[in-house]
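What follows is one structure encoded as structure tokens, with my remarks underneath.
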Amino acid sequence: MFQRVARELLSGLTVAIVALPLAIAFGITATGTSEGALVGLYGAIFAGFFAAVFGGTPGQVTGPTGPITVVATGVIAAHGLEGAFLAFAMAGVLQILFGVCRLGSLIRYIPHPVVSGFMGGIALIILIGELDQVQRSFLVVAVTIVLMLASARVIKSIPASLVALVIITALLPLAGPLLHDVRVGPVSLNAAVDYIGKIPESIPSIAVPEFSGSLFLTLLLPALSIALLGSIDSLLTSVVMDNITGGRHRSNKELVGQGLGNIASGLFGGMAAAGATVRSVVNIRSGGRTALSAATHSVILLALVAGLGAVVQYIPLAVLSGILILTAIGMFDWESLRKVHVSPRGDIVVMFATMLITVLVDLTVAVGVGVVLALIFHAVQSRRRKASIVHDEAGTHHIDGPLSFLTTDRVFTALRNGESSLTVNMAKVSYMDLSGARGLLTFLDHSHMSGVDVGIEEIPPHLEHKLTVLANDEQREKLKSAVRSGSPAPAGESPATAQDPE
């Protein structure tokens with residue numbers, strides 16, 4: 001028991017170290033001022049704590065994220081910080097309503113290409129936003145990125161972002177004069193080095209914003225955008241956590257926890273937040289498995305805030321820019337991008353359309369358009385919308401219908417039945433999109449992790465080929481060992497229908 005608690009606390013400390021520079025960077029990006037450092041930190045502290053305690057994904061870490069930062073930047077620019085804090089709290093109320101109305105379950109119907117395109121679009125927005133800092137302090141940004149990449153390979157115990165932050169902040173007072181107006185011919189490599197500057201030091205306190213009917217109507221749409229994006233962002237992180245741990249998050253409870261977190265963050269002057277994928281993965285890999293580690297990360301950040309003011313002012317903005325650039329690059333779904341030439345064309349259209357609309361129009365519009373496009377391609381490729389699981393007397397589970405973003409979650413949830421061995425017949429699966437392929441490969445990963453022997457019979461050759469080219473090397477070996485040459489059922493013998501898991 002003691003060892004488990006100690007592991008959770010140590011994991012919380014590790015995540016806090018990772019979250020510190022990211023919270024500061026996202027906060028300053030959203031506000032455009034040094035005050036944003038505290039706004040970002042308060043978001044990680046208060047939203048992180050309440051979402052951890054009341055959420056439905058054990059070990060998930062909540063804080064400012066890329067998608068939330070993009071939306072928060074526009075809200076702050078249009079309504080000021082006071083109006084934005086009220087919008088963040090209103091978004092939290094909406095998220096609680098989403099959870100109470102059980103809308104969290106809809107996350108299973110967002111296609112994989114939409115998720116990939118959405119995150120890629122957010123990454124592009126962040127990269128575009130950092131171009132000014134890159135042009136002004138190219139050398140410092142470049143050194144930050146190189147140092148992070150090098151330290152990630154050499155120093156495994158300390159986050160690369162913290163290594164770069166500490167080293168460059170410590171050395172720049174000595175090297176700063178040498179980095180003023182550095183040129184190669186007409187090309188400016190480093191015009192100047194800008195710093196965060198002094199931030200106000202204060203103990204967090206609740207500030208109930210003034211509220212009126214007209215202000216409510218003005219902020220309703222921004223709050224709805226934050227609530228929708230925060231919910232999608234958080235639940236996608238929950239899915240990633242499930243893929244790593246093999247567990248099963250509670251979507252609607254997670255939305256309630258996220259809502260309570262954003263209400264607290266808005267009342268304490270913090271930024272809206274969502275489940276943060278990188279920080280959550282760090283938590284899991286560091287041994288965190290419960291709310292204790294995620295809540296500990298927030299408590300440690302709160303303890304650090306009191307003594308940060310004198311130090312934070314000397315952090316170069318170019319270092320934060322380098323951290324954000326690498327964070328954005330990591331947001332791209334590189335595995336899907338590398339497989340573009342072998343992925344279904346419809347899925348590729350959906351992914352890039354979502355990405356472009358995210359950058360050029362609006363994030364929520366992009367998700368909506370992406371889902372509609374996916375539905376259109378699904379209707380063209382497969383006349384059937386539903387899939388069911390039927391089993392025969394020999395215990396073989398037959399998938400009857402398309403494996404797509406509409407059916408994948410339901411099908412593989414039904415197949416997780418606690419058996420030590422499982423035989424799946426795919427003879428009646430005529431259509432499989434990218435979400436279906438990813439779902440099957442993930443199911444094989446989880447089954448292998450749980451010691452379940454899975455056999456796949458009568459898989460159509462074109463589906464086997466699609467799975468093979470989309471799988472990574474490890475998944476390809478699992479697929480190869482699972483696929484068996486099954487014999488069709490004798491004529492006149494039909495499988496008995498099991499209860500449809502819908």
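The structure displayed is predicted, hence computed values, not measured ones. Nothing fancy with the numbering, it's 1 onward along the sequence.
By the neighbour-count criterion of 12 heavy atoms within 6.0 Å, atom CZ of Phe138 is sparsely surrounded, having that number or fewer from other residues, nucleotides or ligands. More than 12 heavy atoms of other residues, nucleotides or ligands lie within 6.0 Å of CZ in Arg289, so this atom counts as buried by the packing criterion.
Shown here are the ring pair (Phe, Tyr, Trp, His ring centres under 6.0 Å) partners of Phe54, two or more places apart in sequence or in another chain: there are none.
Counted by atom type alone, Arg7 and Ser293 present zero donor-acceptor pairs between their side chains at under 3.5 Å. Residues Ser280 and Gln60 have side chains that never bring a donor and an acceptor to within less than 3.5 angstrom of each other. If you check the side chains of Gln313 and Ser34, you find no donor sitting under 3.5 Å from an acceptor. In the model, Asp433 has no side-chain atom that pairs as donor or acceptor with a side-chain atom of Ser404 under 3.5 Å.
At distances below 3.5 Å, at least one donor-acceptor pair connects side-chain atoms of Asn283 with backbone N or O atoms of Gly59.
Ring geometry, Phe268 versus Phe46: the interplanar angle falls under 30°, so the pair is classed parallel (tilted spans 30 to 60°).
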Which pairs would a plain distance check flag for residues 121-130, meaning a side-chain donor or acceptor within less than 3.5 Å of a matching protein atom at least two apart in sequence or in another chain?
residue, atom, partner, partner atom, Å
Glu130, OE1, Ser321, OG, 2.8

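His297 and Phe49 have their aromatic ring centers separated by at least 6.0 angstrom.
The shortest heavy-atom contact between Gln258 and Ala51 is NE2-CB, 3.8 Å.
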